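Positions are given from 1 along the sequence. Keep in mind that this is a model prediction, so the values were computed, not measured.
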Amino acid sequence: MTVESLSYAIDDQDRLIKVDEGYYLFAEENGWDEAGSSLGRSLWDFVAGNEMKKVQRLLLRRIRDDVREVELPFRCDGPDVRREMQIRIVSHSSGRTVLFAARLNSEERRNGSQPVLDPLAPRGDDALAMCGWCDRFEVNGEWVEVEEAAKRLELFRRNEMPELDHGICPVCSKLLLSA
Ligand SMILES: [Zn+2]
């Protein structure tokens, strides 16, 4: 059986406050036994890697404070499947609750002989330049907000988050120099 969609919500402290049936089914399908105790736990318990956490935290902040809604492609592979998914992340204007709704775009069985790292995933060889002042990222010479960078570089479809190279963008550099 394949789960086509799942959703969950976090409160203002990033704790899981609601998960739907699809969430539990998805967890079951992936042999993840702890799903039953998800409620009340921090979202960050489920995110691996410091760079990934950092980028996702920035994204959440942008969604809560500014853009309200973002839709992105992401990969969520299981033990023997490769999954391409789409996630919609929405923040309601009242309060800081954020809702995540994911749906499956495609799923492919992986047999044992195939490499775990997907050669078709966007490459993440180069470090990703990030401005430490405005939290924007450089994509092909242009400085853009995190949600735009995530879209253009397909950050959440990669096997690995690129390393973040902390620096300063031209706009902030100019502001600082003229201050
Ligand atoms: Zn900047």
Side-chain angles (χ1 to χ4, degrees), residues 3 5-79 81-104 116-118 121-122 124 127-137 144-166:
V3 182
S5 68
L6 67 135
S7 62
Y8 51 95
I10 55 169
D11 66 6
D12 57 343
Q13 304 290 312
D14 299 343
R15 284 176 307 224
L16 282 162
I17 45 168
K18 217 185 269 180
V19 300
D20 71 353
E21 185 71 15
Y23 178 94
Y24 289 119
L25 289 172
F26 195 79
E28 198 179 307
E29 213 177 88
N30 288 281
W32 182 48
D33 312 323
E34 282 180 87
S37 59
S38 294
L39 286 178
R41 283 182 64 184
S42 168
L43 173 72
W44 306 110
D45 290 352
F46 308 101
V47 181
N50 282 335
E51 308 286 58
M52 182 60 95
K53 275 192 182 124
K54 180 152 195 177
V55 171
Q56 290 200 13
R57 277 184 195 278
L58 280 176
L59 184 65
L60 261 188
R61 200 170 73 199
R62 283 281 299 161
I63 291 166
R64 280 182 170 133
D65 294 346
D66 211 333
V67 291
R68 296 285 170 210
E69 183 172 342
V70 163
E71 188 157 349
L72 291 167
F74 77 106
R75 282 260 306 287
C76 185
D77 294 350
V81 289
R82 171 206 156 90
R83 288 195 197 92
E84 296 281 358
M85 302 185 72
Q86 192 82 15
I87 192 162
R88 228 178 105 229
I89 312 173
V90 184
S91 165
H92 298 287
S93 45
S94 56
R96 314 263 302 160
T97 306
V98 178
L99 179 77
F100 300 74
R103 61 165 202 277
L104 187 69
V116 175
L117 288 184
D118 178 7
L128 181 58
M130 176 191 170
C131 175
W133 297 83
C134 65
D135 293 333
R136 289 184 304 159
F137 295 82
V144 298
E145 299 288 352
V146 60
E147 68 277 8
E148 191 59 32
K151 257 180 229 171
R152 292 197 201 173
L153 298 173
E154 303 191 302
L155 288 181
F156 304 119
R157 277 193 66 219
R158 292 165 183 253
N159 296 318
E160 233 172 76
M161 184 61 64
E163 223 172 279
L164 299 181
D165 178 14
H166 300 272

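Here OG of S5 is found 11.0 Å from CD of E21. Values are rounded to the nearest 0.5 Å. The distance from the CD atom of E69 to the NE2 atom of H92 is 9.5 Å, given to the nearest 0.5 Å. The CD atom of E147 lies 10.0 Å from the CZ atom of F137; values are rounded to the nearest 0.5 Å. Expressed to the nearest 0.5 Å, how far CD of E148 lies from CG of L153 amounts to 9.5 Å. From M161, atom CE reaches atom CG of L155 across 5.0 Å, with rounding to the nearest 0.5 Å. Atom OG1 in T97 sits 7.0 Å away from atom CG in D12 (nearest 0.5 Å).
Of all heavy-atom pairs between P79 and N30, the closest is CD-OD1, 3.7 Å.
Proximity of L60 to L43: side-chain heavy atoms (C-beta onward) are separated by under 4.5 Å at one or more points. L6 places a side-chain heavy atom less than 4.5 Å from the side chain of M85.
In summary, of the residues considered (V146, V70, L58), a side-chain contact (heavy atoms from CB on, under 4.5 Å) with I63 occurs for V70 alone. The only member of Y23, Y8, Y24 that meets side chain to side chain donor-acceptor pair (under 3.5 Å) when paired with S38 is Y23. In summary, of the residues considered (R158, R157, R152, K151), a salt bridge (charged side-chain N to carboxylate O under 4.0 Å, His left out) with E154 occurs for R157 alone.
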**Report entry** Step-by-step side chain to side chain contact (heavy atoms under 4.5 Å, CB included) determination, E84 to R75
**Finding:** CA-CA 5 Å; E84 296 281 358; R75 282 260 306 287; 3.7 Å; yes

Query raised in the report: For F156 and I87, what are the C-alpha separation, side-chain angles and deciding distance, and is it a side chain to side chain contact (heavy atoms under 4.5 Å, CB included)?
Result: CA-CA 10 Å; F156 304 119; I87 192 162; over 6 Å; no

Requested in this report: Could you give me the CA-CA distance, side-chain angles and deciding distance for V55 and L128, then say whether side chain to side chain contact (heavy atoms under 4.5 Å, CB included) is met?
Outcome: CA-CA 11 Å; V55 171; L128 181 58; 5.5 Å; no

Query raised in the report: How far apart are the C-alpha atoms of V3 and L104, what are their side-chain angles, what is the distance that settles it, and do they pass the side chain to side chain contact (heavy atoms under 4.5 Å, CB included) test?
Result: CA-CA 8 Å; V3 182; L104 187 69; over 6 Å; no

**Report entry** Candidate pair R61 and D135, rule salt bridge (charged side-chain N to carboxylate O under 4.0 Å, His left out), full reasoning
**Finding:** CA-CA 11 Å; R61 200 170 73 199; D135 293 333; 2.5 Å; yes

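Taking the six-membered ring for Trp and thresholds of 30 and 60 degrees, F46 and W32 have ring planes more than 60 degrees apart, a perpendicular arrangement.
Heavy-atom neighbours of Q86 CD from other residues, nucleotides or ligands within 6.0 Å: above the threshold of 12. Within 6.0 Å of NZ in K18 there are 12 or fewer heavy atoms belonging to other residues, nucleotides or ligands. Under a cut-off of 6.0 angstrom, the local environment of CH2 in W44 is crowded, with over 12 non-hydrogen atoms contributed by other residues, nucleotides or ligands. More than 12 non-hydrogen atoms from other residues, nucleotides or ligands lie less than 6.0 angstrom from CG of D66.
With hydrogens and angles ignored, the 3.5 Å screen pairs a side-chain donor or acceptor of D77 with a backbone N or O of R83. Distance alone, capped at 3.5 Å, places no donor-acceptor pair between the Q56 side chain and the V47 backbone. Checked by atom type and distance alone, the side chain of D20 pairs as donor or acceptor with a backbone atom of S7 at under 3.5 Å. A donor-acceptor pair is defined here as one N or O able to donate and one able to accept, closer than 3.5 Å; no such pair exists between the side chain of R88 and the backbone of A101.
Electrostatic pairing of E71 and R103 counts as a salt bridge here, judged by a charged N lying under 4.0 Å from a carboxylate O. Between R96 and D14 no salt bridge is recorded (no basic side-chain N to carboxylate O distance below 4.0 Å).
Applying the salt bridge (charged side-chain N to carboxylate O under 4.0 Å, His left out) criterion to D45, with sequence neighbours excluded, gives R41. Listed by chain and number, the residues in a salt bridge (charged side-chain N to carboxylate O under 4.0 Å, His left out) with R68 amount to none (sequence neighbours excluded).
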